[in-house]
Amino acid sequence: MAFKADIALQFVNRARERGRLGHAYLICGPKEADLSAFAVRMLNLVSGSAYKDLDTWEKHGICVVRPESKSRQIKVDAIREQVEPYLFVTSSGAQHRMCVIVDAERMNVQAQNAFLRTLEEPPPRTLFLLLSEQPQQFLETILSRVIRISLMPEENTRKLSESEVRLVDLLSDLANRKSDSLAGAMTLRREFEEILEDIHEALTKQLEAQFEEEKKFYKSTTDVDNSWVKSREEETEAAIESRYRQERDALMELLLAWMGDVLRHQVGLERLDLPDYAAATKALAARWDGSTLARRLKELRKLHSNLHTNVNETLALDSAFIAAFA
């Protein structure tokens with residue numbers, strides 16, 4: 001669940017007062033949520049300071065890691081040369097050693113694996129803040145070791161990715177149909193799968209290109225043995241599948257948010273997750289009765305749950321989309 005900054009900060013402060021502050025937080029949300037500003041407020045809260053921005057904090061000694069200007073990546077050298085020396089070598093009289101990673105999803109696979117080792121066994125009183133507009137790009141091993149704070153913009157608008165826009169456009173077309181049918185459900189299912197295939201293809205191209213860059217770099221500096229290449233190939237394949245599942249999960253959450261808005265129209269609630277698509281969700285609320293909507297929601301929640309298991313994706317989509325949209 002996403003919160004506005006003031007509410008999220010109250011939760012952090014409550015944890016701090018109870019002595020239960022975590023050592024690593026993933027602060028995520030759209031650009032409009034201003035993740036850096038929230039990070040500054042959180043650093044000020046924990047330390048009792050009153051600095052205005054991350055640049056000022058950096059001048060006062062904390063570690064701030066950003067993507068490289070040309071590649072827009074955070075490479076393993078940034079973890080080894082900035083983060084690790086700051087945590088394990090540099091002396092500090094501060095109560096906490098605080099490290100902020102801006103656009104943290106831009107850590108490549110090698111950097112994420114290096115950071116994972118630090119994340120698992122940090123020095124006492126360490127505080128990591130990972131800022132990310134695309135948390136689905138992290139390895140699941142990192143996501144399982146951080147406390148997630150999802151922020152929403154103050155004006156309560158949601159910024160959709162290209163894939164998410166494609167999905168809500170499909171759902172808007174669904175609302176324009178006069179009735180539901182098996183053919184319509186299968187068309188929606190096929191178009192949903194096309195979105196997933198495009199996501200998988202884009203991730204494969206991106207991560208394999210990063211792997212090729214790494215091989216070129218190491219070939220120019222040292223001998224690359226076959227065991228290293230095989231290990232990195234396996235890591236790249238695992239990262240592709242991990243990030244694909246996370247992107248797929250984000251689409252499922254969006255689909256459930258859409259259906260949730262249909263339900264909110266039916267029961268007369270004003271707050272919507274997707275207010276820009278209120279006309280379409282309102283049309284579906286008028287077309288479906290309460291029991292029909294409840295059945296459709298149940299099937300989609302079941303699909304969302306099943307996709308976290310080893311179920312065959314194609315069969316799961318077939319079954320769920322027929323039950324939910326025919």
Derivation and outcome, salt bridge (Lys or Arg N to Asp or Glu O under 4.0 Å), residues Arg295 and Glu299:
CA-CA 6 Å; Arg295 174 178 56 81; Glu299 293 296 333; over 6 Å; no
Using a strict threshold of under 4.0 Å (side-chain N to carboxylate O), is an ion pair present between Arg166 and Glu162?
no
Do the side chain of Asn312 and the main chain of Leu315 share a donor and acceptor less than 3.5 angstrom apart?
yes
Return the set of residues passing salt bridge (charged side-chain N to carboxylate O under 4.0 Å, His left out) with Glu241 (not counting sequence neighbours), or none when no residue passes.
none
Do side-chain atoms of Ser305 reach the backbone of Lys302 as a donor and acceptor pair under 3.5 angstrom?
no
Identified side chain to side chain contact (heavy atoms under 4.5 Å, CB included) counterpart of Leu171 within the set Leu284, Val262, Leu255
Leu255
For the side chain of Ser319 and the backbone of Ala316, is there at least one donor-acceptor N/O pair under 3.5 Å apart?
no
Got Ile199 and Arg248 here, is their nearest side-chain heavy-atom distance under 4.5 Å?
no
Going by side-chain hydrogen bond (donor to acceptor under 3.5 Å, both in side chains), name the residues that satisfy it together with Gln10, two or more places apart in sequence or in a different chain.
none
Between Arg287 and Arg177 (side chain of the first, backbone of the second, donor and acceptor by atom type, cut-off under 3.5 Å), is there such a pair?
yes
Would you please classify the geometry between the Phe128 ring and the Phe115 ring as parallel, tilted or perpendicular, with 30° and 60° separating the classes?
perpendicular
Can you hop from Met186 to Leu303 via hydrophobic side chains spaced under 4.5 Å?
no
Quick check: does any side chain N or O of Ser172 sit under 3.5 Å from a backbone N or O of Val168, one acting as donor and the other as acceptor?
yes
Under the criterion side chain to side chain contact (heavy atoms under 4.5 Å, CB included), I'd like the reasoning laid out for Leu174 against Asp180: C-alpha separation, chi angles, the key distance, then a yes or no.
CA-CA 8 Å; Leu174 173 69; Asp180 303 307; 4.1 Å; yes
Any salt bridge between Arg80 and Asp77, counting N to O under 4.0 Å?
no
Main-chain N/O of Leu274 paired to Asp261 side chain as donor or acceptor, under 3.5 Å:
yes
Does atom CD of Glu121 have more than 12 heavy-atom neighbours from other groups under 6.0 Å away?
no
